[in-house]
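All remarks here apply to the structure that follows.
These numbers come from the heavy atoms of this one structure, side chains and all, not from hydrogens, waters or symmetry mates. Order of listing sets the numbers, starting from 1, for every ligand and every atom in it.
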Amino acid sequence: MTEDQERWWKEGVLYQIYPRSYADSNSDGVGDLRGIIDRLDHLAWLGIDGVWLNPITVSPDADWGYDVADYCGVKPALGTLDDVDALIAAAHERKIKVLLDLVPNHTSIEHPWFRESRSSRDNSKRDWYVWADPKPDGSPPNNWLSGFGGQAWTLDEVTGQHYLHNFLPEQPDLNWWNAGVRDEFDRILRFWFDRGVAGFRIDVVHMVVKDSLLRDNPPATEDDHWMVRLTGQRQVFNGNRPEVHDVIRRWRAIADAYDPPRILVGETHVFDTGSMLSFYGAGDELHLAFNFLLLHSRFEPDALRKVVEDTFAGIPAESWPVWTGGNHDMYRFPSRWCEGDRAKARCALMMLLTLPGSVFLYYGDEFGMPDTNVPKERLEDPVGKALYPVYGRDPERTPMQWSPSPGAGFTAPGVEPWLPLGDYAACNVEDQRRDPDSMLSLCRDLIALRAAVSDLRTGAYSRLAADGGLWAWRRGERVVVALNLGDDPARLEVANGMVRVGTRRDRDGDRVEGSLALGPWEGAVIWLDEAQA
Ligand code: GLC
């Protein structure tokens, strides 16, 4: 890939759209592809270079699109293949690339492959899924647990064997040892690449290959990340197998054969830096591997800095990090990291947009959209329903808040959206566009600064001496980013320069003479008078 071809995803700003919740063009309460087309001007105005859409393929929606029943068809509620083509073309006019979501680990229980597979033990598709006999006492084949709770196995009464599902029973895992499965996915990748899709975000990419001997997972230990300890076992055998890298390399070869080459972004939901980075391979696997250590970090300088610096220390020279503050599975960062505190959210946004690497914003991040409290009777997420009131994924999936008018600009007034609207009167795009001091204006100005200043896109990171809540680093030769992530005022010793963008906008243009004072939860991007070695 030439430098020109990789600029959009390396140096640019990417944006995740949850299609059901972005914009409803036909007033049925559900967002759709036409709605996204209608809103592309917002993304162009903001300075976005590429979008990733959560699954738009045919699905009975046991897990909202992540249970796929047809990988090459569009879900009618969202639109048609023609709409996808129109979206790609309209995005292209605005220099925006379109990434789709690929779900290779599992299908829907209603996928024709699974219907065949479960019909008899000698069906030709039997081996496309992971089937195993119960233990002699009738219990499941091994101790694997579903990521959504409970056993990862369900007994199929008809054929007397269990099938594997690392998620819901409605999401049977494919058997990636089977050559037919591999061939079929080659075809699926090409189907979308041929239509002009710029790449894929790949769902639970680390999991697709399972232990061929179906060995028991070992227990978690005290040394494991808290996310690992949550289930009580290490996911060593129900995923994370070394052979997954062969599969990714195979996809990479397909992506590389296109002109321009397509890109692969992985949901590498792992909790040590080394295994996350292993998915870059030797520049022959993923282009970007999502960093869940950052997503699951506390919003404290020491914790954040450790994740970021561990990543830089370990990442292969030819690979490129990617940062994100949220997604459709995590509470939104203005709530999760920042507890609704606007000053903190502005610091978080500044961090994401000024670290070296790609960045994905989740829709709404650009104006600090918080989580929406979804009452029990309105829950749609299967995990949320099972774990209510402890955890759920609906609060971060509610409709985009475009305007303060009824329907929030998401849908027509009087239409009840599929998930309830948040407090759109208090927080919406339209009002914030008019306000130069808003989070939306800050976001747009930071993106514009990134586009204008090469040090912010490609300059190396070097940490500057700072204590307390202060975290400061230089980018390249001329830029310094200083974030005071603490409740006390802080002071940074720094060469002379000027504040280009501050989280407090009244600081923009301030001179910096040898040091910069920052109030609690305040950040600034400084342009130095002279290049530093
Ligand atoms: C990924 C998706 C999540 C989904 C799960 C199972 O983690 O991001 O939304 O529920 O995979 O497909």
Does ligand 1 have an atom that lies less than 4.0 angstrom from a heavy atom of His269?
no

Return the closest protein heavy atom for atom 7 (O) of ligand 1 as residue, atom name and distance.
Glu267 OE2, 2.8 Å

Evaluate the side-chain proximity of Phe200 to Ile263: yes if any heavy-atom separation is below 4.5 Å, no if none is.
no

Output the list of atoms in ligand 1 that are nearer than 4.0 Å to some heavy atom of Phe167, sorted by atom number.
6 (C)

Regarding Arg332 and the six-membered ring of Tyr363, is the cationic atom NZ or CZ under 6.0 Å from the ring centre and inside 45° of its axis?
yes

Met330 and ligand 1 - part of the residue with a heavy-atom distance under 4.0 Å:
neither

Atom 1 (C) of ligand 1: the protein heavy-atom neighbour that sits closest, reported with distance to 0.1 Å:
Asp203 OD1, 2.7 Å

Tell me, which protein residue and heavy-atom name are nearest atom 5 (C) of ligand 1, and how many Å apart are they?
Asp63 OD2, 3.9 Å

Can you report which non-hydrogen protein atom sits closest to atom 8 (O) of ligand 1, along with the distance?
Asp329 OD2, 2.5 Å

Going by the order shown, which atoms of ligand 1 are within less than 4.0 Å of some heavy atom of His328?
2 (C), 3 (C), 8 (O), 9 (O)

Please name the residue in the list Trp9, Tyr15, Phe290 that meets the ring pair (Phe, Tyr, Trp, His ring centres under 6.0 Å) test with Trp52.
Phe290

If you measure from each heavy atom of Arg201 to ligand 1, is any distance below 4.0 Å?
yes

Report yes or no: is the cationic atom of Arg182 (NZ for Lys, CZ for Arg) under 6.0 Å from the centre of the six-membered ring of Trp176, at an angle within 45° of the ring normal?
no

Determine whether the side chains of Glu396 and His328 contain a donor N or O and an acceptor N or O closer than 3.5 Å.
no

Please state whether Arg397 comes within less than 4.0 angstrom of ligand 1, counting heavy atoms only.
yes

Please identify which atoms of ligand 1 are closer than 4.0 Å to at least one heavy atom of Phe148.
10 (O)

Which atoms from ligand 1 have a heavy atom of Arg393 less than 4.0 Å away?
3 (C), 4 (C), 9 (O), 10 (O)

Ignoring hydrogens and angles, state whether a donor on the side chain of Asn238 or Asn217 is under 3.5 Å from an acceptor on the partner side chain.
yes

Once you measure the plane-to-plane angle for Phe185 and Tyr71, does it fall in the parallel (<30°), tilted (30-60°) or perpendicular (>60°) bin?
perpendicular

Within 45° of the ring axis of Trp131 and under 6.0 Å from its six-membered ring centre, is that where the NZ or CZ of Arg126 lies?
yes

Hey, does Trp64 sit under 4.0 Å from ligand 1 if you only count heavy atoms?
no

Among all the protein's non-hydrogen atoms, which is closest to atom 12 (O) of ligand 1, and how far away is it?
His106 NE2, 2.8 Å

Residue from Trp128, Phe114, Trp144 passing ring pair (Phe, Tyr, Trp, His ring centres under 6.0 Å) with Tyr163:
Phe114

